[in-house]
Amino acid sequence: MSAPKDSSTDNPSPNADLANNPDVGASDEQDAPRYCIGIDLGTTNCVLSFVDTLAPNRDVQVFQVPQWVDLDTLESRTTLPSFHYTLTESEATAAENAKKNRNVARYLVEPANERVGEFARNAGSTHAGRLIASAKSWLSHEGVDRSADLLPWHGDSDVSKKSPMSASAAYLEHLRLAWDDAHPDSPMADQDVVITLPASFDEVARELTVAAAARAGLPRIQLIEEPQAAFYAWLDRHSDDWASQVRVGQLILVCDIGGGTTDLTLIRVRPATAKTTSLDQIEDEGSEADVEMDGASLQFHRIAVGKHLILGGDNLDLAIAKSAEAKLDSPLPARRWQQLVAASRGVKEMMLSSNRPSETTIHLAGEGSSLIGGSVAVNVSAEQVDQVLLDGFFPDVPLDAEVVGGQSGFQELGLPYASDPAITKHLAEFLRAHRDTGVDDEKVDSRRVDLVLFNGGVLRSSAIQDRIVSCLASWFGEGDHEWKPQTLQSPRLDLAVSQGAAYYALVRRGEGVRIAANLARTYFMQISNSPPRAVCMIPADAQPGQTYRIDSLPMELRVGVPVSFPLWVSSTRLADRPGDVVDIDPSEMTALPPIHTALQDRKRKKESSMQIVVETHLTEIGTIGVYCVSAEDAANSDATKPRRWKLDFDIRATLETDREAHHGGGEASGIVDEETLHDCDQQIDAVFVHGDEKPAKLVRRLQTTLDLKREQWPPVLLRGIWESLMRVESHRRRSPAHEARWLNLLGYSLRPGYGVAVDDWRTATTWRTLFGKITHDDPQTRAETMVLWRRIAGGLTEGQQAQLANVLKRTLTSGGLRPESAEALESWRLAGSLERLPIQEKLDLIRAALAQLERKKARSLYPALLWAIGRMATRIPAYGPINWVLGARDATDVMNRLLGNPVLRPVAPETTDDPGLTQHIHTAASLALTQISRRCNDRFRDLEETDRTRVIRQLRDLSAPEHFVRLVEEGGQFDHEEQAAIFGDSLPLGIELR
């Protein structure tokens with residue numbers, strides 16, 4: 001089979017991803033921009049460095065960023081603190097007066113009530129509710145809607161919120177405008193711009209970084225991992241002697257601990273085997289060899305990247321604040337806690353410096369009218385800081401130390417910090433997994449860390465550096481107590497990443513030394529089962545930016561239905577080329593989670609097949625884009641925009657410590673054979689197509705056919721039943737009974753709307769087929785429609801849930817439904833399931849539900865009302881983003897209303913007409929109170945301790961499970977049975993709520 005065309009000069013995405021476009025940073029010196037710019041978009045500070053390519057010496061320089069350091073004081077500094085602040089009314093007036101009669105650039109005074117940088121950081125320590133901090137960490141927070149305006153986290157009511165992306169864009173825009181003001185003839189948007197990001201950022205965070213740059217006026221950028229940039233900075237500083245400081249076979253650890261994340265990268269030193277002039281030439285020619293730069297005989301290969309750890313300087317600040325707070329009589333309220341955390345940041349920086357004092361005092365100003373009386377002063381000693389930081393985050397542990405799982409105790413600012421704060425444990429785990437990676441020559445390749453490069457603000461501390469070096473020495477010294485790894489020195493750890501990014505932009509033009517970040521693994525896509533065979537998609541020597549087209553092997557693609565692309569990886573078959581077809585040998589190849597998707601073609605509305613060719617593209621940060629391209633369009637030279645479908649899959653699980661490949665819990669619960677699915681088809685056809693059987697008997701007949709109770713049907717079987725039901729969709733109109741049964745089983749087979757591959761497509765198809773299109777308008781069908789939407793609510797979008805809420809509000813607030821009706825009960829349960837509603841929408845529905853709880857005639861509805869209130873006022877949602885969780889004040893109001901309701905008072909069974917209903921009400925009330933007051937270690941969501949004590953007392957009065965009491969008192973997770981009660985139905989096997 002002929003080798004495929006390597007089209008690495010073409011970006012395969014129809015929406016050109018400029019962050020990975022190898023054409024950015026052209027090698028043609030006549031057309032190349034004058035400046036190479038590197039931007040460190042940091043959690044705590046942003047830095048801009050640059051190289052003037054027209055200067056006699058192409059040295060990397062740091063740009064001095066003008067910024068406000070006080071309301072009336074402007075200075076230029078090497079760092080722009082990554083903080084955004086909204087001015088108070090009095091501050092805005094003072095700022096307006098400060099700019100009068102001064103020739104101040106517009107970007108420094110617009111918007112008039114916003115500031116970024118040093119003043120923002122300082123002012124935010126006093127007015128924490130007006131400060132956005134750690135926006136970069138929020139970019140990678142999977143538990144929130146990262147595109148939503150959620151920052152400041154629980155900010156002041158008069159502050160306009162921003163999304164993490166918008167806040168990041170504000171910092172980048174300030175840098176761009178400051179640069180443009182200083183270089184009017186060379187605007188930043190026209191230069192080669194490289195922006196850094198953590199090596200472990202997920203695809204969404206990467207895309208949001210690109211979007212932030214575009215919003216800031218930088219549509220053409222290149223991304224690079226921060227540890228690589230730090231190493232590039234070292235190479236630049238040692239351009240004359242780097243080759244003498246390393247030798248072939250050595251293993252280099254880059255340990256980067258910044259304000260928000262810990263990034264670990266391993267680089268192995270290898271001999272160079274080929275020469276080239278620029279990175280763009282490598283990509284254009286599809287080089288299959290390593291590269292020698294500047295005549296050197298060595299080449300650096302990045303061989304492993306650590307997992308994503310939200311663990312850095314922010315966590316150290318929290319730990320110091322916790323230690324200081326422990327000296328007070330009682331915990332601080334949320335706002336004052338934010339002030340303490342901000343003050344602890346300064347304490348950390350002071351106590352980690354070389355000339356630190358033996359003790360310092362944290363002062364918190366009082367609040368309200370009695371400022372002096374309410375002030376707080378806490379003494380913090382250097383010894384205390386050492387104990388908290390060194391022993392807590394950098395303990396002396398053995399190489400076999402295990403990372404502790406579970407939930408982090410640090411949830412104070414809403415971020416999902418790493419569960420185990422011991423960074424040295426994470427480092428040990430990373431090195432255990434990768435110390436043998438990339439070993440080619442047993443005689444020269446090292447299995448211990450020979451060299452270590454520290455980077456990031458936290459590692460400015462010599463004490464922390466010494467602790468890490470001590471751990472490495474004990475792990476790899478092999479009895480030699482004198483041995484320790486050599487430290488590659490960096491004069492300014494806070495500037496190195498941006499300096500390395502600027503140098504990397506120069507490297508792309510063919511100057512300097514390049515790090516080879518190739519895969520050392522070959523990737524395959526399975527194309528047949530009998531015999532099992534696969535085609536090579538990405539070779540082991542692939543470099544970031546390369547694209548491969550497998551046009552020698554046309555394949556047929558099904559369009560309009562879910563399809564699967566099984567994937568395999570091999571670390572031993574390193575010579576296969578793209579397009580090579582090989583037999584699948586499990587001893588040499590490992591299965592990866594397959595790509596599952598459903599491809600749509602606007603030209604072909606119905607299910608169909610078409611001939612395709614496959615293109616693959618390796619991005620800069622370790623993901624592979626797979627593109628299915630219409631063979632007809634690909635062969636047609638007149639096709640200006642061939643039809644293509646992008647199928648991204650994440651390969652980082654094969655490169656990074658502890659990043660588990662996504663295996664859906666649903667799929668893991670069992671795969672059903674085709675014959676069984678065919679038997680289910682026949683039972684469904686007998687009811688809906690032929691009309692031979694009654695709808696009411698369908699579930700029983702399916703249970704008999706499968707010899708499984710309904711609760712034991714695995715998710716893959718359920719989704720197969722969903723497909724069968726959708727196939728007979730037109731026959732649901734036979735009668736109200738047929739439609740009601742069809743709706744009931746459809747929702748049951750798709751619940752909870754996620755958990756199995758392609759569920760987003762199934763849920764979208766269900767919505768498109770059914771919303772507003774029910775045939776029989778009778779109470780039973782309407783109730784079953786509510787059940788359906790409730791069961792799959794987790795897969796519905798924000799907009800779809802809003803449409804359902806609009807319908808529900810009219811129904812539930814009009815009083816037109818009889819309380820005892822199934823339709824009323826299911827309507828309330830559906831309302832409680834809509835976790836993607838804005839907070840105000842939830843509050844409106846909660847108030848309506850609380851009003852119904854005061855109506856004695858609605859007693860039969862009380863369990864559903866309590867269940868809905870618990871879901872809507874919960875501290876930790878079942879599936880929704882936490883930025884739409886009610887704040888502690890609103891939740892406390894709801895809790896007080898419930899505790900004051902007579903319905904929660906214990907009664908003797910003989911004193912009520914319906915003891916069964918009373919018990920049902922008390923069970924629902926117990927669950928609701930637990931959800932509303934469950935401890936989550938986020939002060940903006942947690943209720944006050946006194947309120948949680950009241951809830952615990954009420955739970956015991958209601959004879960609630962002791963586990964509920966522990967959840968309120970200490971926090972933790974609901975068990976599977978309790979999750980089913982929260983969900984309102986049995987959960988499919990293998991699928992859990994949050």
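Numbers here are sequence positions counted from 1.
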Can a donor-acceptor pair be found, under 3.5 Å and without considering hydrogens, that links the side chain of [X] to the backbone of [Y]?
{"X": "Asp942", "Y": "Asp938", "value": "yes"}
{"X": "Lys484", "Y": "Leu472", "value": "no"}
{"X": "Thr79", "Y": "Val47", "value": "no"}
{"X": "Thr73", "Y": "Asp70", "value": "no"}
{"X": "Thr892", "Y": "Ala888", "value": "yes"}
{"X": "Thr93", "Y": "Glu89", "value": "yes"}
{"X": "Arg460", "Y": "Gly457", "value": "yes"}
{"X": "Arg432", "Y": "Ala401", "value": "yes"}
{"X": "Arg467", "Y": "Phe394", "value": "yes"}
{"X": "Arg237", "Y": "Gln489", "value": "yes"}

Task: Worked verdict on Lys161 versus Leu150 for side chain to side chain contact (heavy atoms under 4.5 Å, CB included) - done: CA-CA 6 Å; Lys161 293 192 173 185; Leu150 55 92; 5.5 Å; no

Identified side chain to side chain contact (heavy atoms under 4.5 Å, CB included) partner of [X] from the options [options]:
{"X": "Pro152", "options": "Thr86, Val159, Leu131", "result": "Val159"}
{"X": "Arg130", "options": "Asn113, Asp156, Leu87", "result": "Asp156"}
{"X": "Val347", "options": "Val380, Asp317, Leu340, Leu316", "result": "Val380"}

Open item on the list: Please enumerate all residues that pass ring-ring contact (aromatic ring centres under 6.0 Å, His included) together with His174, with sequence neighbours excluded.
Closed with: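 By the ring-ring contact (aromatic ring centres under 6.0 Å, His included) rule, His174 matches Tyr107.
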
Open item on the list: What verdict does the salt bridge (Lys or Arg N to Asp or Glu O under 4.0 Å) test give for Arg948 and Glu969, after you've listed the backbone C-alpha separation in whole Å, the side-chain angles of each residue and the deciding distance to 0.1 Å?
Closed with: CA-CA 7 Å; Arg948 285 189 283 111; Glu969 200 166 42; over 6 Å; no

- [ ] Mind running side chain to side chain donor-acceptor pair (under 3.5 Å) on Ser323 and Gln384 for me, showing each step along the way?
- [x] CA-CA 8 Å; Ser323 177; Gln384 178 185 354; 2.4 Å; yes

Side chain to side chain, [X] and [Y], heavy atoms closer than 4.5 Å:
{"X": "Tyr171", "Y": "Arg176", "result": "no"}
{"X": "Trp475", "Y": "Asp400", "result": "no"}
{"X": "Ile257", "Y": "Leu311", "result": "no"}
{"X": "Glu402", "Y": "Lys425", "result": "no"}
{"X": "Gln499", "Y": "Tyr232", "result": "no"}
{"X": "Trp234", "Y": "Asp236", "result": "no"}
{"X": "Cys46", "Y": "Leu175", "result": "yes"}
{"X": "Phe454", "Y": "Leu488", "result": "no"}

How far does [atom1] of [X] sit from [atom2] of [Y], to the nearest 0.5 angstrom?
{"X": "Ile252", "Y": "Ile267", "atom1": "CD1", "atom2": "CD1", "value": "6.0 Å"}
{"X": "Asn45", "Y": "Leu80", "atom1": "CG", "atom2": "CG", "value": "8.0 Å"}
{"X": "Ser344", "Y": "Trp337", "atom1": "OG", "atom2": "CH2", "value": "7.0 Å"}
{"X": "Asp263", "Y": "Thr196", "atom1": "CG", "atom2": "OG1", "value": "10.0 Å"}
{"X": "Leu264", "Y": "Thr262", "atom1": "CG", "atom2": "OG1", "value": "6.5 Å"}
{"X": "Phe50", "Y": "Ser498", "atom1": "CZ", "atom2": "OG", "value": "11.0 Å"}

Going by atom types only, do [X] and [Y] share a side-chain donor-acceptor pair under 3.5 Å?
{"X": "Gln465", "Y": "Ser462", "value": "no"}
{"X": "Thr949", "Y": "Thr946", "value": "no"}
{"X": "Gln228", "Y": "Glu225", "value": "yes"}

Surrounding [atom1] of [X] (heavy atoms of other residues, nucleotides or ligands, distance under 6.0 Å), is the total greater than 12?
{"X": "Glu110", "atom1": "CD", "answer": "yes"}
{"X": "Glu383", "atom1": "CD", "answer": "no"}
{"X": "Gln61", "atom1": "CD", "answer": "yes"}

- [ ] For Leu318 and Val341, run side chain to side chain contact (heavy atoms under 4.5 Å, CB included): C-alpha distance rounded to whole Å, both residues' side-chain angles, the deciding distance at 0.1 Å, then the answer.
- [x] CA-CA 6 Å; Leu318 284 169; Val341 172; 3.9 Å; yes

For the student: nearest non-hydrogen atoms of [X] and [Y], plus distance:
{"X": "Phe393", "Y": "Val388", "answer": "CD1-O, 3.7 Å"}
{"X": "Glu226", "Y": "Asp40", "answer": "OE2-OD1, 4.3 Å"}
{"X": "Val885", "Y": "Ile839", "answer": "O-CD1, 3.4 Å"}
{"X": "Ala148", "Y": "Asn883", "answer": "CB-ND2, 3.6 Å"}
{"X": "Ile224", "Y": "Ala501", "answer": "CG2-CB, 4.4 Å"}
{"X": "Glu91", "Y": "Tyr85", "answer": "OE1-OH, 2.8 Å"}

Task: Sidechain N-carboxylate O distance under 4.0 Å for Glu944, Arg935 - done: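 Salt bridge between Glu944 and Arg935, a charged N being under 4.0 Å from a carboxylate O: no.
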
TODO: With side chain to side chain contact (heavy atoms under 4.5 Å, CB included) as the test, would you mind laying out the steps for Val378 and Thr361 before giving the verdict?
DONE: CA-CA 5 Å; Val378 186; Thr361 302; 6.0 Å; no

Task: Qualifying residue, where the test is side-chain hydrogen bond (donor to acceptor under 3.5 Å, both in side chains) with Ser134 and the options are Thr44, Thr43, Asp314 - done: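 Considering Thr44, Thr43, Asp314, a side-chain hydrogen bond (donor to acceptor under 3.5 Å, both in side chains) with Ser134 is found only for Asp314.
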
Task: Step-by-step salt bridge (Lys or Arg N to Asp or Glu O under 4.0 Å) determination, Arg939 to Glu325 - done: CA-CA 14 Å; Arg939 295 182 196 223; Glu325 186 188 41; 2.6 Å; yes

TODO: Evaluate side chain to side chain contact (heavy atoms under 4.5 Å, CB included) for Thr487 paired with Leu451, printing each intermediate quantity in order.
DONE: CA-CA 6 Å; Thr487 301; Leu451 306 165; over 6 Å; no

